[in-house]
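Scroll down for the structure; my scribbles are underneath it.
A, B, ... follow the sequence lines: proteins, then strands. Residue 1 opens every chain.
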There are 2 protein chains.
Amino acid sequence: MTVLPQTFSALGNATRFAIVERLLSEGELPAGAFLDMNDTSPPAMSRHFKVLREAGIVEQRIDKQRRIYSVRPQAVQQICEWSISYRKFWETSLDRLALALAEDD
Amino acid sequence: MTVLPQTFSALGNATRFAIVERLLSEGELPAGAFLDMNDTSPPAMSRHFKVLREAGIVEQRIDKQRRIYSVRPQAVQQICEWSISYRKFWETSLDRLALALAEDD
DNA sequence: TAGTTATTTATCATTTATGTTAATTAACAA
DNA sequence: TTGTTAATTAACATAAATGATAAATAACTA
């Protein structure tokens, strides 16, 4: 069906997740902007970007000697749509839960 | 901040993702109901459930000698809220993209 | 009780992921 | 040209994930 497992797998690493969150908040940034992060030697960072690229989560734009990365909106949209497609399930489940808790008073 | 990377990591395996999708569609099921799946020896399946439990994605209910699993609605809700929190970004990005494509006609 | 069913835990082997250092590529700057 | 900056690729080591078989646990059934 979908490629969501690959998307989730790529986001299932704390460093990559932080990269994506930062790109989402700040917009496109060159790879080098992330070298201050926790783990990160340049090759490690480069590989994280490769994983994100191959999962279709980010895209690369080349500007001179810089690689500028940004989040592909479709990637986040796909995640949103997946979770929304089960909304009826989780919303009613949570409603029932809240109700049950309220009855304990 | 969040535990989302752990959630994503757990869902980033095709077998576990399939388990979760089936639980979401069919509702709670005993572990044994999944032994027809692709990989799956009973111990492999058991470990997949353990990963899902530890990530807070499923919960276990014991009925006699059966372990009945179900999806914790909060897990899906959390994913939904994360993607929604960046909705402005990805919706406007996609709008711009559609507009740019339309202009090519 | 003895055997069966459902599931998990223990051990071990193999694969995949991830980090490191060294070398490479490409563009810029003196 | 020579040196510097930005990023990647190559080669290697180590850790984590995942699967298999065997054994253990717990509850049901004859």
Report each atom pair, protein N/O against N/O of nucleotides 6-8 of chain C, whose distance is under 3.5 angstrom.
{"from": "C:dA6", "atom 1": "OP1", "to": "B:Arg66", "atom 2": "NH2", "distance (Å)": "3.4"}
{"from": "C:dT7", "atom 1": "OP1", "to": "B:Ala31", "atom 2": "N", "distance (Å)": "3.4"}
{"from": "C:dT7", "atom 1": "OP1", "to": "B:Arg67", "atom 2": "N", "distance (Å)": "3.3"}
{"from": "C:dT7", "atom 1": "OP2", "to": "B:Gly32", "atom 2": "N", "distance (Å)": "2.7"}
{"from": "C:dT8", "atom 1": "OP1", "to": "B:Gln60", "atom 2": "NE2", "distance (Å)": "3.1"}
{"from": "C:dT8", "atom 1": "OP1", "to": "B:Tyr69", "atom 2": "OH", "distance (Å)": "2.6"}
{"from": "C:dT8", "atom 1": "OP2", "to": "B:Ser46", "atom 2": "OG", "distance (Å)": "2.9"}
{"from": "C:dT8", "atom 1": "O5'", "to": "B:Ser46", "atom 2": "OG", "distance (Å)": "3.2"}

## Note on the structure
To the nearest angstrom, the CZ-P distance between A:Phe34 and D:dT8 comes to 12 Å

For residues 55-67 of chain B, which side-chain donor-acceptor pairs fall under 3.5 Å, sequence neighbours excluded?
{"from": "B:Gln60", "atom 1": "NE2", "to": "B:Tyr69", "atom 2": "OH", "distance (Å)": "2.8"}
{"from": "B:Arg61", "atom 1": "NE", "to": "B:Glu28", "atom 2": "OE1", "distance (Å)": "3.3"}
{"from": "B:Arg61", "atom 1": "NH2", "to": "B:Glu28", "atom 2": "OE2", "distance (Å)": "2.6"}

### Task
For D:dG19, take OP1 and OP2 only and decide whether either is under 4.0 Å from a side-chain N or O of B:Ser41.
no

### Summary
d(A:Arg72 CZ, A:Leu52 CG) to nearest 0.5 Å is 12.0 Å

### Message
Whether the side chain of A:Trp90 engages the backbone of A:Ser83 through a donor-acceptor N/O pair (distance < 3.5 Å, no angle test) should be reported.
### Response
yes

### Message
Tell me if a side-chain donor or acceptor on B:Gln6 pairs with a main-chain N or O of B:Glu54 at a distance below 3.5 Å.
### Response
yes

### Query
According to a strict under-4.0 Å criterion, is A:Asn13 in side-chain N/O contact with OP1 or OP2 of C:dA17?
no

### Query
Atom CD of A:Glu54 to atom C1' of C:dA17: distance rounded to whole Å?
13 Å

### Summary
Nearest heavy-atom approach of A:Asp36 to A:Ala33 is OD1-O, 3.2 Å

### Message
I need the CZ-P distance between A:Arg16 and C:dA17, as an integer number of Å.
### Response
9 Å

### Query
Rounding to a whole Å, what distance do you find between B:His48:NE2 and D:dA17:C1'?
9 Å

### Query
Which class fits the ring pair A:Phe8 and B:Phe8: parallel under 30°, tilted 30 to 60°, perpendicular over 60°?
parallel

#### Entry: Separation of atom CE in B:Met37 from atom P in D:dT18, rounded to whole Å
13 Å

